[in-house]
Amino acid sequence: MAVQKKRGRNGYLHDFEKNKEGGYVYTGELWQADSAKRKGALIKLWPFCAGQFLAAVLPGFFTTAGFSGSFYVILPYAFWLIMDGYEIYLLGRITFGGNPMRGYVYERSVPRLTPCAGAAAFGAALTAAGLLAFFIKGGTGQGGLLCFACCLFQGISFIFLKKWNISDLYKKI
């Protein structure tokens, strides 16, 4: 029976072995995508992810309705904003991770992109629900329509990101 390598937070370090010159060589698994399909997918994904992030940032600058003392609007909005920032980070890791991509980079970025976008869309939906509750309770302020439009854009963008699932492009080599 083969001995399994211990995997943990820094388990990927076991995938490097010292060569004769004293340097380290990566010997772990690799994931590769067709270059043309990968490039096309990244060209589609970057504008949507950037648009999602912009849609998350805009209400914070222009919306006063519900963003002053309403925790049920502020907390989901903060979650939405953090998830969109993390989505941009993951897409950056995918873009600059190379092709072929090392296994530990793949595992920590590609399969997490779509769920992260889903979490951001969920945060946007909760923000919209909180803002709606704020208006129903008699709250006032500017930018409510802008916030609802940004939440709607977040949801529509998630549908497209789910459709263009980047995980389908990669194959283990």
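Heavy atoms only: backbone and side chains are in, while hydrogens, waters and symmetry mates are out.
Atoms CZ and OG1, on Phe148 and Thr127 in that order, are 10.0 Å from each other to the nearest 0.5 Å. Here CE of Met101 is found 10.5 Å from CH2 of Trp31. Values are rounded to the nearest 0.5 Å. Annotation: the span from Leu145 atom CG to Phe62 atom CZ amounts to 14.0 Å, rounded to 0.5 Å. Annotation: the span from Leu169 atom CG to Ser35 atom OG amounts to 11.0 Å, rounded to 0.5 Å. We find the SG-CG distance between Cys147 and Leu131 to be 5.0 Å, quoted to the nearest 0.5 Å. Note: Leu54 CG to Cys49 SG = 13.0 Å, rounded to the nearest 0.5 Å.
Side-chain contact between Lys172 and Leu30 is absent, with no heavy atoms from C-beta onward closer than 4.5 Å. Between Leu161 and Glu87, some side-chain heavy-atom pair lies under the 4.5 Å cut-off.
When the side chains of ILVMFWY residues are joined at heavy-atom separations under 4.5 Å, either directly or via intervening members, Phe53 and Phe61 end up in a single hydrophobic cluster. In this structure, Ile159 is not a member of the same hydrophobic cluster as Leu152, with clusters built from ILVMFWY side-chain heavy atoms closer than 4.5 Å. Hydrophobic clustering (ILVMFWY, side-chain heavy atoms < 4.5 Å, transitive): Val57 and Phe153 are in distinct clusters. Under a hydrophobic-cluster definition in which Ile, Leu, Val, Met, Phe, Trp and Tyr are linked whenever side-chain heavy atoms come within less than 4.5 Å, directly or via other members, Val110 and Phe160 are assigned to the same cluster. By the rule that hydrophobic residues join a cluster once side-chain heavy atoms approach within less than 4.5 Å of another member, Phe96 and Tyr106 end up as members of separate clusters.
Of all the heavy atoms in Tyr86 and Cys116, the pair that sits closest is CD2-SG, 3.5 Å. The shortest heavy-atom contact between Cys150 and Ala55 is CB-O, 3.2 Å. Heavy-atom minimum distance, Leu146 versus Thr63: CD2-OG1, 4.3 Å. The minimum heavy-atom distance linking Phe158 with Thr114 is given by the pair CE1-O, 3.6 Å. Between Trp80 and Ala124, the shortest heavy-atom contact is CE2-CB, 3.6 Å. Among all heavy-atom pairs drawn from Ser167 and Pro111, the shortest one is OG-CA, 3.9 Å.
Contacts classified as ring pair (Phe, Tyr, Trp, His ring centres under 6.0 Å) and involving residues 113-135 (residues at least two apart or in different chains) are not found.
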side-chain contact (heavy atoms from CB on, under 4.5 Å) evaluation trace for Trp46 with Leu91: CA-CA 8 Å; Trp46 268 109; Leu91 192 57; 3.5 Å; yes

Steps toward side-chain contact (heavy atoms from CB on, under 4.5 Å) verdict (Lys18, Val25): CA-CA 6 Å; Lys18 213 171 206 180; Val25 177; over 6 Å; no

Steps toward side-chain contact (heavy atoms from CB on, under 4.5 Å) verdict (Lys137, Ser70): CA-CA 11 Å; Lys137 287 176 61 176; Ser70 301; over 6 Å; no

Audit row: Glu107, Glu29, side-chain contact (heavy atoms from CB on, under 4.5 Å) steps and yes/no: CA-CA 11 Å; Glu107 291 167 1; Glu29 62 185 25; 3.2 Å; yes

Test side-chain hydrogen bond (donor to acceptor under 3.5 Å, both in side chains) applied to Tyr89 and Arg93, step by step: CA-CA 6 Å; Tyr89 167 75; Arg93 280 186 64 127; 3.2 Å; yes

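Within the 3.5 Å criterion, the main-chain N or O of Ala56 finds a donor-acceptor partner in the side chain of Tyr77. Remark: the backbone N or O of Tyr24 is not paired with any side-chain donor or acceptor of Asn19 at under 3.5 angstrom.
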Throw together a table of side-chain donor-acceptor distances under 3.5 angstrom for residues 36-45, partners on residues two or more places apart or in other chains.
unit_1, atom_1, unit_2, atom_2, d
Arg38, NE, Tyr170, OH, 3.0
Arg38, NH2, Ile94, O, 2.8
Arg38, NH2, Thr95, O, 3.0

